[in-house]
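Every number for a ligand or one of its atoms is a count from 1 in the order of the listing. The structure displayed is predicted, hence computed values, not measured ones.
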Amino acid sequence: MNLELRGITKRFGALVANDHIDLSVREGEIHCLLGENGAGKSTLMNVLSGLYRAEEGEILLDGEKVTFAGPGEAMNAGIGMVHQHFMLIPVFTVAENIILGNEKTTFGGRLDLGAARQLVRDISARFGFDVDPDALVDDLPVGAQQRVEIIKALSREAKVLVFDEPTAVLTPQETDELMVIMRQLAESGTAIVFITHKLREVREVADRITVVRLGKVVGEAEPTASNTELASLMVGRSVELTVAKEPATPGDSALVVDGLTVWSPSGAVAVDNVSFEVRRGEILAIAGVQGNGQTELAEALLGLRPGSTGSITLDGKSLLDSDVRSVLDAGVGFVPEDRTQDGLVAEFTIAENLMLDRSVGDPFVGRGTLRRAILRKFAQEKVTEFDVRTQSVDEHVGRLSGGNQQKVVLARELSRDLRLLVAAQPTRGIDVGSIEFVHKRIVATRDAGTPVIVVSTELDEVAALADRIAVMYRGKIVGIVDGDATREELGLLMAGASS
Ligand code: ADP
Ligand code: MG
């Protein structure tokens with residue numbers, strides 16, 4: 001089935017998330033929708049899947065105009081979605097998940113689980129998936145859960161299949177497998193929309209590429225386009241994709257973590273007896289698929305996980321079970337993975353955010369009052385130094401773009417005397433131009449002799465920054481390898497193979 005979107009416009013209040021978008025996807029092709037975070041890709045797909053109603057524009061299937069009052073109607077018309085956050089019920093089996101929402105009953109009104117099982121087997125056999133209809137979804141690795149989502153869509157006879165950022169949760173190997181699956185689906189006649197912001201994936205699998213920026217289609221590209229060409233289309237100016245970086249000249253060991261164990265609030269072990277060290281002047285990356293204990297590890301280093309056991313020593317001083325204030329005072333800088341939640345106060349100004357963790361005994365506070373003039377001058381210097389695009393330091397941080405918000409966090413953390421920088425997902429959801437800036441500052445911090453930990457699920461980021469890489473899997477560090485380890489090597493570790 002051929003899909004055509006014509007002039008789709010979707011507004012949220014004053015924001016035009018989709019501005020007269022045209023997109024045509026042919027039967028049997030993989031069409032990549034490429035764009036930075038916030039470009040409007042998911043919104044467009046939500047319009048297509050009947051979740052949102054567009055203000056303007058039309059949807060055509062094989063040349064026929066269609067309208068969807070809701071997701072059910074879109075599904076019946078042959079539109080299938082593979083969501084990033086799977087919509088599966090973990091305590092149900094694969095077969096049970098497949099019939100969910102589409103329950104067929106046998107004569108007498110009982111659920112026809114047998115038919116669902118057979119459907120799973122048939123579709124699995126057709127595409128060479130190894131999926132057991134009776135397995136509990138919870139027991140399956142993420143890549144297999146994604147296959148269940150695909151089977152579910154195919155079981156409803158989807159002719160157009162939309163994958164919205166499907167690789168974010170996958171290991172490199174699972175990503176490769178998904179590419180093969182998408183190719184097979186296309187060859188069987190399915191029209192595929194593949195949404196991503198990762199250039200590598202686009203160039204690997206796309207038949208055609210449409211690039212969107214700020215709600216508009218800004219161009220079409222061929223899969224033969226270079227990374228720099230695609231990036232400049234996405235961003236609207238030329239960008240440097242890899243930061244120039246000299247080999248590290250590591251000094252003494254600064255941070256020593258030994259046998260660290262961290263529990264989650266439910267009592268499960270989140271970080272399991274982890275040991276590593278970071279030397280002055282080196283970047284240690286903590287890699288792994290999202291959810292393997294990296295977040296908890298970073299939080300434990302910051303004193304946000306009381307009750308952890310083992311030891312954390314920075315320059316000979318124990319930080320285990322210290323509160324956050326003492327950890328910051330010991331010279332630890334922190335870029336949290338969720339900047340809007342933990343890094344900034346949206347309703348505060350840029351200037352106020354720049355002094356958030358510096359209230360005691362510093363130049364901005366005298367006799368219990370804020371020295372506004374000194375603070376504004378400091379803030380103006382930082383805004384210039386860190387290239388924060390804003391009219392004024394009195395602007396509320398909540399109004400800045402993600403990239404500019406992240407620069408405010410970085411400006412604040414790097415303005416203290418640091419003995420260690422912990423940066424968690426430092427470029428998540430920010431524009432390519434800001435990524436370039438953040439990476440340069442992190443490398444500069446290392447070059448100034450500060451030990452740096454970068455926690456990242458993006459392998460390209462790990463490769464760009466790391467001098468050494470520790471890979472986490474199910475709470476454990478399964479291997480520590482050199483910064484130039486191959487994707488294959490890292491991928492195996494990320495899937496739990498030990499080195
Ligand atoms: P992408 O998927 O390309 O990252 P989205 O389609 O999610 O982008 O978002 C496009 C823009 O629309 C963003 O500025 C986002 O904040 C905004 N947006 C998305 N969904 C909503 C919503 N339900 N309400 C208000 N604004 C939204
Ligand atoms: Mg999206």
Metal environment of the Mg ion (ligand 2), protein N/O/S under 2.8 Å
Ser42 OG
Can you confirm whether Leu297 sits close enough to Ile453 that some side-chain heavy atom of one is under 4.5 Å from a side-chain heavy atom of the other?
no
Identify, for atom 7 (O) of ligand 1, the protein heavy atom at the shortest distance, and state residue, atom and that distance.
Ser42 CB, 3.8 Å
Atom 6 (O) of ligand 1 has as its nearest protein heavy atom Thr43 OG1, 2.5 Å
Would Ala17 count as a polar contact of ligand 1, with the cut-off being nitrogen or oxygen pairs under 3.5 Å?
no
Please report whether atom 14 (O) of ligand 1 has a protein non-hydrogen atom at a separation of less than 4.0 Å.
yes
For atom 16 (O) of ligand 1, what is the nearest protein heavy atom, given as residue, atom name and distance?
Leu15 CD2, 4.7 Å
Any side-chain heavy atom of Ile30 sitting closer than 4.5 Å to one from Arg183?
yes
With sequence neighbours excluded, residues passing side chain to side chain contact (heavy atoms under 4.5 Å, CB included) with Val345
Glu347, Phe348, Asn353, Leu356
Which protein non-hydrogen atom lies closest to atom 19 (C) of ligand 1, naming both residue and atom, and how far is it?
Phe12 CE1, 3.5 Å
Classify the side-chain pair Thr43/Asn18 by whether it contains a donor and acceptor separated by less than 3.5 Å.
no
According to ring pair (Phe, Tyr, Trp, His ring centres under 6.0 Å), who are the partners of Tyr473, at least two apart in sequence or on a separate chain?
none
Are any of the N/O atoms in Gly38 less than 3.5 Å from those in ligand 1?
yes
Below 4.5 Å, heavy atoms only, C-beta onward: do Met179 and Thr167 meet side chain to side chain?
yes
Output every pair passing side chain to side chain donor-acceptor pair (under 3.5 Å) with a member in residues 484-494, not counting sequence neighbours, ordered by first then second residue.
Asp460-Arg487
Shortest protein contact, atom 23 (N) of ligand 1 (heavy atom only)
Tyr52 OH, 3.4 Å
For atom 8 (O) of ligand 1, find the nearest protein heavy atom and state the residue, atom name and distance (0.1 Å precision).
Gly40 N, 3.2 Å
